[in-house]
Amino acid sequence: KTKLFNKRTILRMMIFKISLLLLLAVIGTTGLKVLRFPYPTSIKNYVVMKPNFAPIQNELTVCSWLACTDVHNQNFYFSYAVPKKDNMVLLSTMSAHVQVPSILATSMFPKGKWYHQCYSWKSGSAVTPYVNGVEIPISGTNVSGTITPGGTLVLGQDQDSVGGGFMKDQIYAGDMTRMYVFRRQLTLDEISELYYSGRCEEVGESLGLDVVLSWDDITMATRHGDVELLEDGTCESQSKCEEEADVILRFLERKKCLLTELSYFTSKLERK
């Protein structure tokens, strides 16, 4: 009886340990990474990289979650420049410049509130802006031509020369996350899906195939000045509520299986 009790105890302990490890593995999450461009602003605060934009010469879409802390500035947050054309692709919260400038009809957003903004373009057409999954009217003209690869991308400033020429009234101040550059002009439905999925979610598998510059790529880029890479704990805590409910259900299902296995092994031990 003592041997049987010891075997049962050891078996239960092993099953409990395995179950606990499975539970901890599912619960464990990491926070969403956020780039913070501080206020008061400075021309020293920016992110720079040399992306491979060869696949987006004739069309592209840029999407990002933004939370501005200075809504009165021009807030240029995406500047792609090449020699002889510093405004190859220039995006702000209120305007877009792909070869030629375009101005949004709605340009002011609540201070400190997250919103989702996209700009899409295809050669021969005008830039199309979206805010929170809705297409926004814009004043602009159809633009033909191509985007030159091999340039420099700066986030948080407007390049008036490649890699520099920053001005104090053109600085982005606020938080930024989940920025993606896609190789094609996304549809309204696809952009709406990105918005309604929320900033805590990564790009889905189908759209992921069209990403030429990911948020992970951007978080590894060189940061200058006081730009910080932070974790969004609010996003994590919101997602944890759903995760924990799912974890409990999965754990209860797993517990059923483990109890069935335990009953089977215990009956075998008793027969011995």
Side-chain angles (χ1 to χ4, degrees), residues 35 37-64 66 68 70-104 107 117-129 138-174 176 179-185 212-215 217-227:
L35 280 174
F37 298 82
Y39 183 84
T41 59
S42 168
I43 60 172
K44 295 179 180 179
N45 301 331
Y46 62 97
V47 175
V48 63
M49 60 191 309
K50 299 276 288 184
N52 176 19
F53 277 175
I56 61 167
Q57 294 183 55
N58 297 301
E59 58 182 308
L60 85 159
T61 302
V62 180
C63 290
S64 184
L66 304 166
C68 301
D70 182 8
V71 294
H72 300 293
N73 209 339
Q74 293 190 58
N75 279 309
F76 286 104
Y77 61 85
F78 186 104
S79 172
Y80 178 69
V82 296
K84 298 183 179 180
K85 188 161 276 190
D86 53 87
N87 290 336
M88 179 62 68
V89 181
L90 178 63
L91 309 177
S92 83
T93 56
M94 58 185 76
S95 65
H97 190 126
V98 181
Q99 313 285 353
V100 298
S102 303
I103 308 298
L104 270 66
S107 58
Q117 187 170 47
C118 293
Y119 288 101
S120 68
W121 169 81
K122 188 172 185 178
S123 183
S125 63
V127 174
T128 306
I138 193 169
S139 62
T141 57
N142 292 352
V143 183
S144 297
T146 59
I147 295 172
T148 307
T152 298
L153 174 63
V154 166
L155 304 180
Q157 306 274 355
D158 170 16
Q159 302 175 80
D160 286 334
S161 59
V162 177
F166 307 140
M167 298 178 66
K168 289 182 179 179
D169 62 342
Q170 298 177 334
I171 302 171
Y172 177 76
M176 173 191 298
M179 175 180 282
Y180 294 92
V181 179
F182 300 90
R183 70 177 71 240
R184 62 180 176 84
Q185 188 177 45
V212 295
L213 182 66
S214 71
W215 180 239
D217 296 330
I218 291 168
T219 59
M220 292 186 288
T222 303
R223 299 188 298 277
H224 291 267
D226 295 324
V227 178

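This one's a predicted model, so the numbers in the text were calculated from it and none came from an experiment.
Here the CD1 atom belonging to Ile147 is positioned 10.5 Å from the NZ atom belonging to Lys85, to the nearest 0.5 angstrom. The CG atom of Asp158 sits 10.5 Å away from the CG atom of Leu91 when rounded to the nearest 0.5 Å. In this structure, CD in Gln157 is found 4.5 Å from CD1 in Ile171, a value given to the nearest 0.5 Å. Note that the CZ atom of Phe53 and the CG atom of Leu153 stand 5.0 Å from one another [nearest 0.5 Å]. Considering CD1 of Ile218 and CG of Leu213, their distance stands at 4.5 Å, rounded to 0.5 Å. Here the straight-line distance linking atom OH of Tyr77 with atom SG of Cys68 works out to 9.0 Å at 0.5 Å rounding.
Of the possible donor and acceptor atoms, one in the side chain of Glu59 sits under 3.5 Å from a partner among the backbone N and O of Gln185. The main-chain N or O of Ala173 is found under 3.5 Å from a side-chain atom of Asn75 such that the two form a donor-acceptor pair. With hydrogens and angles ignored, the 3.5 Å screen pairs no side-chain donor or acceptor of Gln170 with any backbone N or O of Phe76. Between the side chain of Thr61 and the backbone N or O of Arg184 there is at least one donor-acceptor pair closer than 3.5 Å. With Ser79 contributing its side chain and Gln159 its backbone, the two residues share a donor-acceptor pair below 3.5 Å. Of the possible donor and acceptor atoms, one in the side chain of Ser42 sits under 3.5 Å from a partner among the backbone N and O of Lys44. A donor-acceptor distance shorter than 3.5 angstrom exists from the side chain of Ser123 to the backbone of Gly145, with no hydrogens or angles considered. Looking only at distances, a side-chain donor or acceptor of Tyr119 sits under 3.5 Å from a matching main-chain atom of Ser95.
Met179 and Ser64 make their closest contact through CB-OG, 3.7 Å (heavy atoms, listed as atom of the first residue, atom of the second, distance). Annotation for Asn45 and Thr41: closest pair ND2-C, 4.4 Å, computed over non-hydrogen atoms. Across all their heavy atoms, Pro55 and Arg183 have their closest contact at CB-NH1, 3.4 Å. Contact record, Val48 with His224: CG1-NE2, 3.6 Å, taken as the closest heavy-atom pair. Ile43 and Met167 get closest at one heavy-atom pair: CG2-C, 4.0 Å. Heavy atoms only, all atoms of each residue included: Tyr180 and Trp215 are closest at CE2-N, 3.6 Å.
Here the side chains of Gln57 and Pro149 are in contact, with some heavy-atom distance below 4.5 Å. The side-chain heavy atoms of Leu155 and Phe78, taken from C-beta on, include a pair separated by under 4.5 Å. Between Thr152 and Lys50, some side-chain heavy-atom pair lies under the 4.5 Å cut-off.
Partners of Cys118 by disulfide (SG to SG under 2.5 Å), not counting sequence neighbours, listed by chain and number: Cys63. Legend: residues meeting ring pair (Phe, Tyr, Trp, His ring centres under 6.0 Å) with Tyr172, ordered by chain and number and at least two apart, are Phe37.
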Are Leu60 and Phe182 close enough, and set up right, to give a side chain to side chain contact (heavy atoms under 4.5 Å, CB included), and what steps lead you there?
CA-CA 6 Å; Leu60 85 159; Phe182 300 90; over 6 Å; no
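Side chains of Ser92 and Gln74: a donor-acceptor N/O pair is absent below 3.5 angstrom, by distance only.
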